[in-house]
Amino acid sequence: MNLSRKKLINTMARIVAASAFSCVVAPTFAQNTEEGIMRLEEVVVTARKREENIMDIPVSVGVITSEMMHSANIVDIADLAAKTPGLKFNSAFGRQADRPVIRGLSSIFAAEELVGYFIDGVYVVGSIQSYDLSSIERVEVIKGPQSATFGRRTFAGAINYVTAHPTEEQEINAKATAGSNGLVDLSASIGGKPSDVFAYRLNVRSYNYDGDYKNTKVGGPDVGGQETNSANLGLFFYPTDNLTMQVNLNYSKDEDELFAITLFPRAKLNVCLPGVTLPYHCGTVPATQPVSLGGILPNKDYGNDRTREPFAKLADGYSI
């Protein structure tokens, strides 16, 4: 066997192995066993604004179900990205700005985002990092340009959160998580279908995290802490067998401390361009600089304080 033929065989083997691996990790299908036969469950998505079998649509969609989120302890979009092929996520300036990346397309400017967030097909403005996933039935990551279906800011793709419908019987669930650095995450839900035409679901959550950074500046503010209190009420109406009406009311309040960041001294900029005034640095930036922030504003004015209410107050009244 000559060298070129051997390289070709090795390349083909790597491609086959990579394809087999991607089929295993892609969170699209769940397997069941029935009489020893492996079967694929039907996955229904709303990537094109109507319910369809994922196998019948010409769109690449990654699906994370509530069962998968529970078993993998997924609590936010960063965890979702870690389990979804083709999706990456980074936060910028704490929970103030999101940087989702689908298939390598991204933007560093929040006003020019290329991936849009949606809840049941409705566009969500701003960060979605603190959204409570306990009320979600599944998350659909639609890859590729989606402007024709979802509108602007979806050139790289769209992330659609699909809320769960209540079951026939009343359900009450609660979850508590505690960890180091003051991590306390409490959530509870209640829902049911008291009649054939009406159902409801209420989720509440209290999340607190002190952060794992320390501000070395004497008298400076605390950094890296996060706090969220939220509630979500879903009302579902079924006037006929073919018609479902749904109203989601979501309230959340985030009170975050100043995000942990280190400042690079201006004197160390332009070290490889003498005499040129540019806000850049040539070379490797030291990664062990201490966090030393504060001293300009009162400590209470640092950080992020954001409230998302179910009704937006307008000049002449209120609007959902």
Side-chain angles (χ1 to χ4, degrees), residues 27 63-84 87-100 117 119-120 124 126-139 141 159-167 170-191 200-215 221-234 248-260 291 302-310:
V63 179
I64 298 286
T65 64
S66 59
E67 291 81 6
M68 296 176 182
M69 287 187 279
H70 178 73
S71 61
N73 195 29
I74 294 175
V75 297
D76 56 25
I77 189 172
D79 295 337
L80 282 169
K83 300 294 183 179
T84 306
L87 173 64
K88 299 294 182 181
F89 180 85
N90 287 300
S91 60
F93 311 111
R95 297 193 295 180
Q96 299 182 38
D98 299 358
R99 290 178 179 172
Y117 299 130
I119 298 177
D120 293 324
V124 177
S127 173
I128 203 170
Q129 295 182 54
S130 61
Y131 190 81
D132 183 10
L133 295 180
S134 62
S135 62
I136 297 300
E137 176 185 319
R138 66 182 182 275
V139 178
V141 180
I159 301 176
N160 187 33
Y161 287 38
V162 182
T163 55
H165 284 230
T167 59
Q170 187 180 58
E171 287 187 339
I172 300 177
N173 298 292
K175 180 181 178 181
T177 302
S180 58
N181 298 321
L183 173 63
V184 177
D185 191 354
L186 306 175
S187 62
S189 65
I190 182 173
Y200 71 97
R201 185 184 181 102
L202 174 64
N203 296 79
V204 294
R205 182 192 185 203
S206 177
Y207 168 82
N208 187 84
Y209 180 56
D210 292 339
D212 51 1
Y213 298 93
K214 182 179 180 180
N215 191 0
D222 294 332
V223 296
Q226 299 175 345
E227 181 179 345
T228 297
N229 293 291
S230 63
N232 183 79
L233 175 62
N248 283 329
L249 302 176
N250 179 262
Y251 169 85
S252 65
K253 183 174 180 59
D254 301 331
E255 295 186 27
D256 295 348
E257 298 170 351
L258 180 65
F259 52 89
V291 178
Y302 287 95
N304 175 40
D305 189 353
R306 177 180 56 226
T307 301
R308 179 173 290 147
E309 299 179 351

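What's counted below: heavy atoms across the whole structure, side chains too, no hydrogens, waters or symmetry copies.
- When each of Val75, Asp79, Leu80 is tested with Met69 by the rule side-chain contact (heavy atoms from CB on, under 4.5 Å), just one qualifies, namely Leu80.
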request  = Please test Thr84 against Ile64 for side chain to side chain contact (heavy atoms under 4.5 Å, CB included), starting from the C-alpha separation and ending with a verdict.
outcome  = CA-CA 8 Å; Thr84 306; Ile64 298 286; 3.7 Å; yes
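- To the nearest 0.5 Å, atom NE2 of residue His70 and atom CG of residue Asn173 are 9.5 Å apart.
- In this view, Asn160 satisfies the side-chain hydrogen bond (donor to acceptor under 3.5 Å, both in side chains) rule with no residue, not counting sequence neighbours.
- With a 4.5 Å cut-off on side-chain heavy atoms, Arg308 and Asn250 count as touching.
- Across Tyr117 and Gly126, no two heavy atoms sit closer than the pair CD1-O, 3.8 Å.
- Tyr200 contributes atom OH, which lies 4.0 Å from atom CD of Gln170 (distance to the nearest 0.5 angstrom).
- Side-chain contact between Ile159 and Val139 is present, with heavy atoms from C-beta onward closer than 4.5 Å.
- Residues Gln96 and Phe259 meet the side-chain proximity criterion, which asks for heavy atoms closer than 4.5 Å.
- Counting all heavy atoms, side chain and backbone alike, Val291 lies closest to Asn215 at O-OD1, 3.2 Å.
- A search for side-chain contact (heavy atoms from CB on, under 4.5 Å) contacts involving Thr163 returns Ile119, Asp120, Tyr131, Ile136, Gln246, Asn248, not counting sequence neighbours.
- Considering CZ of Arg99 and OG of Ser91, their distance stands at 9.0 Å, rounded to 0.5 Å.
- Judged as a side-chain contact (heavy atoms from CB on, under 4.5 Å), and not counting sequence neighbours, the contacts of Tyr302 are Pro221, Leu258, Ile296, Leu297, Asn299.
- In summary, the side chains of Glu257 and Tyr209 do not present any donor paired with an acceptor at a separation below 3.5 Å, with no hydrogens or angles considered.
- Dense packing is recorded around NZ of Lys253, with more than 12 heavy atoms of other residues, nucleotides or ligands lying under 6.0 Å away.
- In this view, Gln226 and Arg95, Tyr207, Asp256 satisfy the side-chain contact (heavy atoms from CB on, under 4.5 Å) rule, not counting sequence neighbours.
- A donor-acceptor pair is defined here as one N or O able to donate and one able to accept, closer than 3.5 Å; no such pair exists between the side chain of Glu137 and the backbone of Ala164.
- One distance of note links CG of Asp254 with CG of Asp305; it measures 8.5 Å at 0.5 Å rounding.
- Residues that satisfy the side-chain hydrogen bond (donor to acceptor under 3.5 Å, both in side chains) test with Arg138, not counting sequence neighbours, are Glu140.
- Under the 3.5 Å distance criterion, the side-chain polar atoms of Asp98 are matched with a main-chain donor or acceptor of Ile128.
- Note that CG of Asn181 and CG of Asn208 are 11.5 Å apart. Values are rounded to the nearest 0.5 Å.
- Under the side-chain contact (heavy atoms from CB on, under 4.5 Å) criterion, Asp132 pairs with Ser134, Asn203, Arg205, Ser230, not counting sequence neighbours.
- Looking at Ile74 and Met68, their side chains never come closer than 4.5 Å, going by heavy atoms from C-beta outward.
- Of the candidates Thr307, Leu233, Val204, Tyr251 forms a side-chain contact (heavy atoms from CB on, under 4.5 Å) with just one, namely Thr307.
- Paired with Asn229 under the rule side chain to side chain donor-acceptor pair (under 3.5 Å), one option of Ser130, Ser252, Ser206 passes, and it is Ser206.
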